[in-house]
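For reference, the structure discussed in these notes is given below.
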Amino acid sequence: MDTPYQPELIEAAAQQHWDSAHAFEVDEDDSKEKFYCLTMFPYPSGKLHMGHVRVFTISDVIARYQRMQGKHVLQPMGWDAFGMPAENAAIKRGVPPAQWTYENIDDMRGQMRRLGFAYDWTRELTTCRPEYYRWEQWLFVRMFAKGLVYRKNSVVNWDPVDQTVLANEQVIDGRGWRSDALVERREIPQWFMKITAYADELLDELDRMPGWPESVKTMQRNWIGRSEGLELSFDVVGEEEPLTVFTTRPDTLFGVTYMAVAAEHPLATKAAASNPEIAAFIEECKKTDAAEATLETMEKKGMPLGISAIHPLSGEEVPLWVANFVLMSYGTGAVMAVPGHDARDWEFAKKHGLPIVQVVAPADGTSIDVEESEYLEHGVLVNSGDYDGMDFDTAFNAIADYFESNDRGRRTINYRLRDWGVSRQRYWGAPIPIIYCDDCDAVPVPEDQLPVVLPEDVEFTGHGSPLQDIPEFVNAPCPQCGKPARRETDTFDTFVESSWYFARYACPDNDQAMLDERAAYWTPVDQYTGGVEHAILHLLYARFFQRVMRDEGLTDVSEPFTNLTTQGMVLKDGAKMSKNKGNTVDPQELIARYGADTVRLFMMFAAPPEQALEWSDDGVQGSFRFLKRFFAAVTEHAAAGPVEPLDIAVLSAAQKDLRRKTHQTIAKISDDIGRRYTFNTAVAASMELLNSINRFDDESVSGRAVKHEALEAVVLMLSPIVPHICHELWSVLGHDSAAIDVPWPALDKGALQQDEVEVVLQVNGKLRGRISVAADADDETVTAQALADPNVQKHIGDKAIRKTIVVPGRLVNIVV
RNA sequence: GCCGGGAUGGCGGAACUGGUAGACGCGCUGGAUUCAAAAUCCAGUUUCCGAGAGGAAGUGGGGGUUCGAUUCCCCCUCCCGGCACCA
């Protein structure tokens, strides 16, 4: 390339300087304010993709900016190394998952180094290493002792041909991705963590997290789904056990015209035993995958069980149905149906000819017809016996009181949140530290026998977990009685590893404890950046684990992430980049062609972090072009010789203008990077300032001094985004210090002073002209000048002025 | 289906607290430079009317509040993310 800007040389030199100075390795220095800047760590899938480059650059810009503010900044990096893709690669290519994973990590680490991220590599973590996962095994054992983990049956996707459990992702249109067989729901025993024990705290604390986006907090609130209601039971004709249901609308109780249970419910199973049609229906219900989206979008189907429940207030019989939209894992696996006042119940009742009864009427007396559509609002009770005429609250309390005093129900708080199932029937994960003994049942592995190490050298077939075929792994003595017993072969959900890694970066080398006093120094994370797709699961699990660690005495911190930024996806041609679509762009090629700084600059310039970023090859060219102009401007200025110190007392109007532009830009970019995280407008402001510098043709002593100040400001302010070229240009400007060690440029408010300001003139809110007025002019003076404007006069005409609005320094609006 | 978000020129985006819509960049058009090209530099670039001054329309669609709405409220359409075993 025919340009004096040679990124490959400049970037190698800057990186070499940072490496040899150990610039980004940090200790626990109490004399400085700490800043912990973290990116969601990547799954080592092969090579870096553009989404990675984007999120790492966002975080790196923040880290480098905070360092220039004088903070003691930690920015670590590691690998979320367990997961399904390693198993898939193993099946496809016959490479053991561990080997595939470690090779990917080496490749990706190399690419990250080439991009110049300011990481403290001495703290690198890899979650598939026993020295890491032993501590989550340890915490699991402690949770077991506290009753925070338990085992229960739960539903999985079962591929009847491959005889294996499938992830939701591996089910395509209800069929196994490899076998193409219809997937079935199957119940197997699995381990759960009691996240619901922390539901209230996880919910309440959201109100005290100003550093998180409102949208993420709202999603978490809705996910936890706290609702107050009544748990009540219906007697079932011919059954000992009553049927218990939960409702948030006890005021609609008289509107119950049927009830529905899940296909797996014992009452359904019992009815199926004597009725082949019901048995067939239940089998059909099970022939679907376990994803909630499937369940909620599929056709609502049901069948009467031929049994009745007794309405607890009216004493009438209501029919009991089995329905595919009721899930055994939600609440009690049974619901009461009020078609007059619930949309799903209404639709189902219409389809199956079930009665619809109105029991709530609008409070304002308007009439409604529940045969036409359901009525969801709170109102006044009708057709409800003694409760007629009551409003929602009165009826709720009266009915709840009745059930509680008769011991037939109780007020209760229900959560949509379910306990976290952590068992995976897969090989490439952290072993769950449990041994099954015929006499002692499930026994946790004692702490002194941890870690339970996952064998890495395995034969991988894809049919079930290879762990089951390794006798040395499976056979173990019972820790309690010593008799021969069997190890759990399920492994942890990989979300377990990512629920605590942020704390472990503080002390990755500690082989005596999960966390130590270094974690007390660094946590909580000050700035956490990652994909919005993690808004619920990962972030909620991490908040849960932080509290479990706190209650274990490992930390005083309750909330792991003080500030959260969720970045948008990188798109090409309007779609997410993916290998399947063939619309990927390889960062490696771009770096080779333009250098790391160009790629970083484009990523920050093309869109603000939270928005989706549309990839553009031409846009990358534009970023490269800007860096060439930037490089030329600085080197040409420096080549003209040394610069005299700036004397602000002797500046011309044009020199003052450039100085004003410089300091306006310092104010803007400080705000854009420091507060708003709008790096795109920060880059735009730098471009504007550089354009002003290039137009500023003044080689006088004062002119060169003003220009020098402006160029230094641009170099420093761009250095978080394009650190390599700024490292070079800072030295070109004659400094011995490294740009990385220089503080952020200071704002001179005096330079912002302006004698005249432009004011916009409007008539009836429409733009009719603009005038220049003295900056300190009062409203009357400005109004008089506005009225004197010929075009304003023309639009006022002979109409009377009704009102004049003056926004000082901005506009005058004449209303006629 | 439910929860969250989004929609602004030919394209990416800007307009932060209700106050000049389109900053900055890309692309395009014209010009300079060149034997030529690349690169670079200069000028123009929302649409329509107008020679110009200027005028009209305009921020997914429909309504509302306001002197003034991309911004606030109501309804709708389409797109994206999540929905508990992708990470």
Side-chain angles (χ1 to χ4, degrees), chain A residues 1-3 40 42-43 45 80 82-85 156-157 165-171 190 213-216 218-219 221-223 225 289-298 300 325 329 343-344 416-421 423-426 493-495 498 531-538 540-541 566 568-569 571 574-576 602 605-608 610-623 625-626 628-629 632 671-672 675-676 678 680-681 683-688 691 758-767 770 791 794 802-805 807 810-811 813-816:
Chain A
M1 253 167 253
D2 184 23
T3 162
M40 291 178 188
Y43 178 79
S45 53
D80 188 13
F82 278 134
M84 253 184 359
V156 293
N157 301 308
V165 175
L166 298 179
N168 285 338
E169 190 195 48
Q170 297 171 312
V171 179
Q190 308 206 63
E214 273 316 314
S215 58
V216 173
T218 304
M219 280 192 268
R221 276 188 198 105
N222 293 338
W223 185 263
D289 62 273
E292 188 185 303
T294 310
L295 193 84
E296 291 282 338
T297 48
M298 72 190 175
K300 311 284 181 284
F325 57 83
S329 48
R344 189 183 61 190
R416 212 186 72 93
L417 180 69
R418 310 198 296 263
D419 280 334
W420 177 14
S423 294
R424 295 293 179 271
Q425 295 69 47
R426 275 185 257 288
D493 177 5
T494 58
F495 275 126
S498 55
V532 67
E533 67 271 21
H534 295 296
I536 296 174
L537 292 179
H538 160 59
L540 198 60
Y541 292 148
T566 52
M569 290 183 309
L571 310 177
K576 187 176 180 171
F602 173 71
F605 181 52
E610 307 230 336
Q611 276 181 38
L613 183 153
E614 176 67 36
W615 185 262
S616 156
D617 289 329
D618 287 331
V620 178
Q621 285 250 10
S623 293
R625 208 145 49 206
F626 170 73
K628 283 196 287 189
R629 277 203 304 273
D671 192 46
D672 284 352
R675 177 182 67 91
R676 295 209 304 155
T678 50
N680 56 328
T681 54
V683 173
S686 306
M687 289 173 168
E688 277 191 66
N691 289 343
E758 191 188 67
V759 165
V760 163
L761 306 181
Q762 295 182 339
V763 178
N764 288 341
K766 284 190 188 272
L767 178 72
R770 40 192 97 208
N791 203 39
K794 191 175 118 195
R802 294 193 314 171
K803 198 169 166 188
T804 306
I805 293 133
V807 182
R810 289 208 106 127
L811 66 77
N813 185 17
I814 316 279
V815 185
V816 293

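Letters go in sequence order (proteins before strands), and every chain restarts at 1.
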Does B:U77 pair with anything, Watson-Crick or G-U wobble, both distances under 3.5 Å, and if so, with which nucleotide? B:A7
Please measure how far the P atom in B:U77 lies from the corresponding atom in B:U29, and state the result in whole Å. 41 Å
Span that lies between the C1' atom of B:A43 and that of B:G61, in whole angstrom: 38 Å
A:F495 vs A:H534 aromatic rings, parallel, tilted or perpendicular, using cut-offs 30° and 60°? perpendicular
Between B:G13 and B:A23, how far apart are the C1' atoms? Round to whole Å, please. 10 Å
How close or far is atom C1' of B:C80 from atom CE of A:M219, stated in whole angstroms? 12 Å
B:A15 -> Watson-Crick or G-U wobble partner, both distances under 3.5 Å, gives none
Classify the side-chain pair A:N168/A:N157 by whether it contains a donor and acceptor separated by less than 3.5 Å. yes
To the nearest 0.5 Å, what is the distance between CZ (A:R770) and CG (A:L811)? 11.5 Å
Assess the residue pair A:Y43 and A:T494 against the criterion (side chain to side chain contact (heavy atoms under 4.5 Å, CB included)); give the C-alpha distance rounded to whole Å, side-chain angles, the decisive distance to 0.1 Å, and a yes or no. CA-CA 10 Å; A:Y43 178 79; A:T494 58; over 6 Å; no
Can you tell me if A:R625 touches the phosphate of B:G27, counting only side-chain N or O atoms and a distance under 4.0 Å to OP1 or OP2? yes
Nucleotide opposite B:G22 in a Watson-Crick or G-U pair, distances under 3.5 Å: none
Between atom CG in A:N764 and atom P in B:U66, what is the gap in whole Å? 15 Å
What's the gap between B:A14 and B:G22 when it is taken at their P atoms, as a whole Å value? 15 Å
A:S215 near the nucleic acid: base, sugar-phosphate alone, or nothing, with a heavy-atom cut-off under 4.0 Å? sugar-phosphate
With both distances under 3.5 angstrom, what nucleotide forms a Watson-Crick or G-U wobble pair with B:A36? none
How would you label the contact of A:R221 with the nucleic acid (heavy atoms, under 4.0 Å): base, sugar-phosphate, or nothing? nothing
When rounded to the nearest 0.5 angstrom, what distance separates CZ in A:R810 from CD1 in A:I805? 15.0 Å
Whether the A:T678 and A:T681 side chains hold a donor-acceptor pair (N or O, under 3.5 Å, no angle test) is what I'd like checked. yes
Counting the atoms with a prime plus P, OP1 and OP2 as sugar-phosphate, which does A:W223 contact under 4.0 Å by heavy atoms, base, sugar-phosphate, or nothing? base
Closest to side chain of A:I805, choosing from B:G19, B:G25, B:C3: B:G19
Shortest side-chain distance from A:N813, nucleotide among B:G82, B:G68, B:G1: B:G68
Taking only the side-chain heavy atoms of A:V807 (C-beta and beyond), determine which of B:A87, B:G19, B:A23 contains the nearest atom. B:G19
Whole angstroms only, please: what is the CG-P distance between A:L540 and B:G4? 16 Å
Look at all strands and tell whether A:V815 reaches a base, only sugar-phosphate, or nothing, counting heavy atoms closer than 4.0 Å. sugar-phosphate
Pairing check on B:C85: which nucleotide meets the Watson-Crick or G-U wobble criteria with it, both distances under 3.5 Å? none
Select base, sugar-phosphate, or nothing to describe what A:L417 touches, counting heavy atoms under 4.0 Å on all strands. base
Rounded distance (Å) that lies between atom P of B:G4 and atom NE2 of A:H538: 22 Å
Determine the Euclidean distance between corresponding C1' atoms of B:C78 and B:G27; express it in Å to zero decimal places. 27 Å
If you find the nucleotide of RNA chain B closest to A:Q611 and the one closest to A:E688, which residue's nucleotide is nearer the 5' end? A:Q611
Closest to the A:V156 side chain, choosing from B:C85, B:U40, B:A87: B:C85
Which of these nucleotides, B:C24, B:A84, B:G27, is closest to any side-chain atom of A:L537? B:A84
Give a yes/no on whether any side-chain N or O of A:K766 is located under 4.0 angstrom from OP1 or OP2 of B:A57. yes
How should the glycosidic conformation of B:G9 be described, syn or anti, under the criterion that syn lies within 90° of 0? syn
Which base sits across from B:C41 as a Watson-Crick or G-U pair, both distances under 3.5 Å? B:G31
To the nearest 0.5 Å, how far apart are CZ in A:R625 and CG in A:D618? 8.5 Å
With heavy atoms under 4.0 Å as the rule, sort A:E214 into base, sugar-phosphate or nothing. nothing
Please state the P separation for the pair B:G19 and B:A69 - nearest whole angstrom. 11 Å
Please state the C1' separation for the pair B:G9 and B:G62 - nearest whole angstrom. 23 Å
Would you indicate which nucleotide in B:G13, B:G68, B:C85 comes nearest to any side-chain atom of A:N157? B:C85
Give the rounded distance in Å between these two atoms: CG of A:D672 and C1' of B:C24. 12 Å
Which is true for A:H534 with a 4.0 Å heavy-atom rule: it touches a base, it touches only sugar-phosphate, or it touches nothing? base
Check this for me: does the side-chain of A:R675 come within 3.5 Å of the base of B:C16 through a donor and an acceptor? yes
Rounded off to whole Å, could you give me the CZ-to-C1' distance for the A:F602 and B:G13 pair? 11 Å
Which part of the nucleic acid, if any, lies within reach of A:Q425 when heavy atoms closer than 4.0 Å are counted: base, sugar-phosphate only, or nothing? base
Which part of the nucleic acid, if any, lies within contact of A:S686, taking any heavy atom under 4.0 Å across all strands shown: a base, the sugar-phosphate backbone alone, or nothing? nothing
Heavy atoms under 4.0 Å, any strand shown: does A:P608 hit a base, just sugar-phosphate, or nothing? sugar-phosphate
Which base sits across from B:A53 as a Watson-Crick or G-U pair, both distances under 3.5 Å? none
I need the A:M84 CE to A:E169 CD distance, nearest 0.5 Å. 4.5 Å
Please figure out whether A:E296 or A:G83 has its closest RNA chain B nucleotide nearer the 5' end. A:E296
Applying a 4.0 Å non-hydrogen cut-off, can you work out what A:A535 is touching in the nucleic acid: base, sugar-phosphate, or nothing? nothing
Under 4.0 Å, counting only non-hydrogen atoms across every strand here, what does A:F605 touch: a base, just sugar-phosphate, or nothing? base
For B:C73 and B:G81, measure between their P atoms and round to the nearest Å. 26 Å
Does A:M40 reach a base, just sugar-phosphate, or nothing at all? Heavy atoms under 4.0 Å. nothing
Between P on B:A15 and CG on A:N680, what's the gap in Å once rounded to a whole number? 7 Å
Between B:G27, B:G12, B:G54, which one does the side chain of A:N791 approach most closely? B:G54
Can you say whether a donor on the side chain of A:Q190 sits under 3.5 Å from an acceptor on the base of B:C85, or the other way round? yes
Residue A:R629, side-chain atoms from C-beta onward, closest of B:U40, B:C41, B:C86: B:C41
Base B:C85 to side chain A:D493, donor-acceptor N/O within 3.5 Å cut-off: no
If I take atom CD in residue A:E169 and atom P in nucleotide B:C85, what distance separates them, rounded to the nearest angstrom? 13 Å
Give A:R424 one of three labels, base, sugar-phosphate or nothing, depending on what nucleic acid heavy atoms sit under 4.0 Å from its own. base
The side chain of A:Q762 lies closest to which of these nucleotides: B:C26, B:A87, B:G19? B:G19
